[in-house]
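Let me begin by presenting the structure, written as structure tokens, before commenting on it.
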2 protein chains.
Amino acid sequence: MVLRRADVVDGALELLDAEGLDGLTMRKLGAALNVQGGALYRHFPSKEALLDAMAERLLAGVGAPLPAEMPWLDQCREMAERLRVQLLSRRDGARVVAGTYVSGPNTMTAGGRAIELLSSVGFPPEEAAWITFAFFYFVLGHTIEEQALVRLDPAHGWEARLAEAQPVPSPALASAMLAMAKADPAERFRYGVRLFLAGVERRLEELRADGTSGV
Amino acid sequence: MVLRRADVVDGALELLDAEGLDGLTMRKLGAALNVQGGALYRHFPSKEALLDAMAERLLAGVGAPLPAEMPWLDQCREMAERLRVQLLSRRDGARVVAGTYVSGPNTMTAGGRAIELLSSVGFPPEEAAWITFAFFYFVLGHTIEEQALVRLDPAHGWEARLAEAQPVPSPALASAMLAMAKADPAERFRYGVRLFLAGVERRLEELRADGTSGV
DNA sequence: ACCTGAACACCGTTCAAGT
DNA sequence: ACCTGAACACCGTTCAAGT
């Protein structure tokens, strides 16, 4: 029973769920696949390359075609939702993706889909790319924090840290941050997406106003 | 010449510049401070605690008072600028901060300042906190990528990865991503900030429209 | 109180040798 | 071609013992 590249990635994602990113080691992964740690270097030149492949796998489906009849802002929301779901699908998934860059087909397809979508409604391709990446940063940052908060001792989580804070925060600040810690992360995410897309919409109106006289 | 907590943080930030986050080890830091690696555990309970203190130090000044006569949107921009500058002030600074949570006075002051600013123009405190964090995620994601790109071989950087991409990206996508890689990161950052703040502004108008009849 | 020296339990990675 | 076994050069962390 030979070990294929894809089997290694499968096993690594399983182990990621079990141990977290910090506990994911080549030796443990080898053991999970009934192989010595060093044997994995027949399939990947380094642990980093394996993590890249894991990140690629995590982004599967994010760039899948969107319903053409859907309004473009909803299509943007849908892509954001998909990306978040995929990043959260594995423990520390967001951190895994954050450590890698461009490369694989899933990543390219997803990025391409977003740039294409924004271009189709009137953004110059370059600006579409800027928007796509800015948006990606928000989603990544949000999901990294989401996954970090899950691992904090729920009782001794954010409330305790706030209580220990120096200087003592104002009551208004304290209650704002507490409310934030208690809020549903999915709702907070959707709020951020809405905010960002409102800015995108406004920018498009601006572009169209400039364009009507110029073109 | 005793070693103080602050001296360890100073040395760690120096070493961070020299070695990067991955090269920052307790043994090397000890050597830089003319001490055994293990001795550092008299000052910090763990490497993680040291990294937290480094993150705290990096955020110094971000929450400093803003000119009262400055329009609030410019104050928001100014805080974003400050945060970016601080994160970029040390090699891998953004990644250091991304690995930590709340806690210290600089962090609290900065967060408090932003929430206070947004509250003062009419956002409910809780919503102000949501906006602050969403914005923080974008800045962090952007600066992490900025610092990662600096370290990529400039010649074999993004262009080469794009050329190797599977499936081959459309010419439009390829040129969009190439233009993006060549663009001034500071300009791209300001663009993202503007986009986000346009959304914030629109949301505030919405709130005020609701409020006039309700209150 | 602060540091040394040495150890413990790990890492990622390499490589001759096996099958 | 793929894997084993063992090694190399490291890690973070602990702790008796020194000063």
Side-chain angles (χ1 to χ4, degrees), chain A residues 1-57 91-92 95-101 103 148 151-152, chain B residues 1-57 91-92 95-101 103 148 151-152:
Chain A
M1 218 192 43
V2 285
L3 206 55
R4 309 221 166 278
R5 229 182 103 97
D7 301 326
V8 178
V9 178
D10 286 344
L13 288 169
E14 288 293 320
L15 191 60
L16 183 67
D17 264 343
E19 302 273 359
L21 182 55
D22 296 333
L24 177 69
T25 74
M26 298 304 266
R27 281 177 170 82
K28 283 190 205 161
L29 178 54
L33 297 168
N34 294 113
V35 124
Q36 290 293 117
L40 299 172
Y41 289 82
R42 294 281 135 193
H43 301 93
F44 291 93
S46 65
K47 185 181 181 182
E48 206 187 311
L50 171 59
L51 286 166
D52 286 354
M54 292 167 67
E56 245 294 294
R57 181 73 69 82
R91 179 167 163 189
D92 292 332
R95 269 172 71 204
V96 170
V97 171
T100 68
Y101 295 92
S103 62
R151 299 286 149 189
L152 279 185
Chain B
M1 217 190 50
V2 285
L3 205 57
R4 308 220 166 280
R5 228 183 105 97
D7 301 326
V8 178
V9 179
D10 286 344
L13 289 169
E14 288 292 319
L15 192 59
L16 182 68
D17 264 341
E19 303 273 359
L21 181 54
D22 297 333
L24 178 69
T25 72
M26 299 303 266
R27 281 178 170 83
K28 283 190 206 161
L29 179 54
L33 297 169
N34 293 112
V35 125
Q36 291 293 117
L40 298 172
Y41 289 82
R42 292 283 134 191
H43 301 94
F44 291 93
S46 66
K47 185 182 181 181
E48 207 187 311
L50 171 60
L51 286 166
D52 286 355
M54 292 167 67
E56 244 295 293
R57 182 74 69 84
R91 181 168 164 189
D92 293 333
R95 270 171 71 205
V96 170
V97 170
T100 67
Y101 295 92
S103 60
R151 300 286 149 189
L152 279 185

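Here is the naming used below: chain letters follow the sequence lines, and residue numbers restart at 1 for every chain.
For the segment residues 35-42 of chain A, residues with any heavy atom less than 4.0 angstrom from an atom of DNA chain D are, sorted by number, A:V35, A:Q36, A:A39, A:R42.
Contact annotation: the side chain of B:E19 never approaches that of B:L24 to less than 4.5 Å [non-hydrogen atoms, C-beta and beyond].
Nucleotide C:dG5 has D:dC15 as its partner under the Watson-Crick or G-U criteria, with both atom distances under 3.5 Å. Using Watson-Crick or G-U wobble geometry with both donor-acceptor distances under 3.5 Å, C:dC10 finds no partner in any strand shown.
Here C:dC3 presents its P atom at 14 Å from CZ of B:R5, a figure rounded to the nearest Å. In this structure, CE of B:M26 is placed 13 Å from P of C:dC3, rounded to the nearest angstrom. Atom CG of A:L29 and atom C1' of C:dG12 are 13 Å apart (whole Å). The CZ-P distance, from B:R27 to C:dC8, rounds to 14 Å in whole Å. Per the geometry, CG belonging to A:D22 stands 11 Å off P belonging to D:dT13, to the nearest Å. Following rounding to the nearest Å, A:L15 (CG) and C:dG12 (P) show an atom-to-atom distance of 11 Å. Taking atom CG of B:N34 as the reference point, atom P of C:dC2 lies 17 Å away to the nearest angstrom. Distance CD (A:E19) to C1' (C:dC11): 14 Å, rounded to an integer number of Å.
Listed pair B:H43 / C:dA1 fails the phosphate criterion, with no side-chain N or O lying under 4.0 Å from OP1 or OP2.
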Stepwise salt bridge (charged side-chain N to carboxylate O under 4.0 Å, His left out) test for A:R95 and A:D22: CA-CA 10 Å; A:R95 269 172 71 204; A:D22 296 333; 3.0 Å; yes
Verdict with reasoning, B:L29 to B:L50, per side-chain contact (heavy atoms from CB on, under 4.5 Å): CA-CA 11 Å; B:L29 179 54; B:L50 171 60; 3.5 Å; yes
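Closest approach of B:A53 and B:R5 over heavy atoms only: CB-NH2, 4.0 Å. Of all heavy-atom pairs between A:D92 and A:G20, the closest is OD2-CA, 3.4 Å.
Of the candidates A:D52, A:L51, A:V9, A:F44 forms a side chain to side chain contact (heavy atoms under 4.5 Å, CB included) with just one, namely A:V9.
Between the side chain of A:K47 and the backbone N or O of A:M26, no donor-acceptor pair lies under 3.5 Å.
Using a 4.0 Å heavy-atom cutoff across all strands shown, A:L50 reaches no nucleic acid atom at all.
Nearest-nucleotide mapping onto DNA chain C: of B:R4 and A:K28, the residue sitting toward the 5' end is B:R4.
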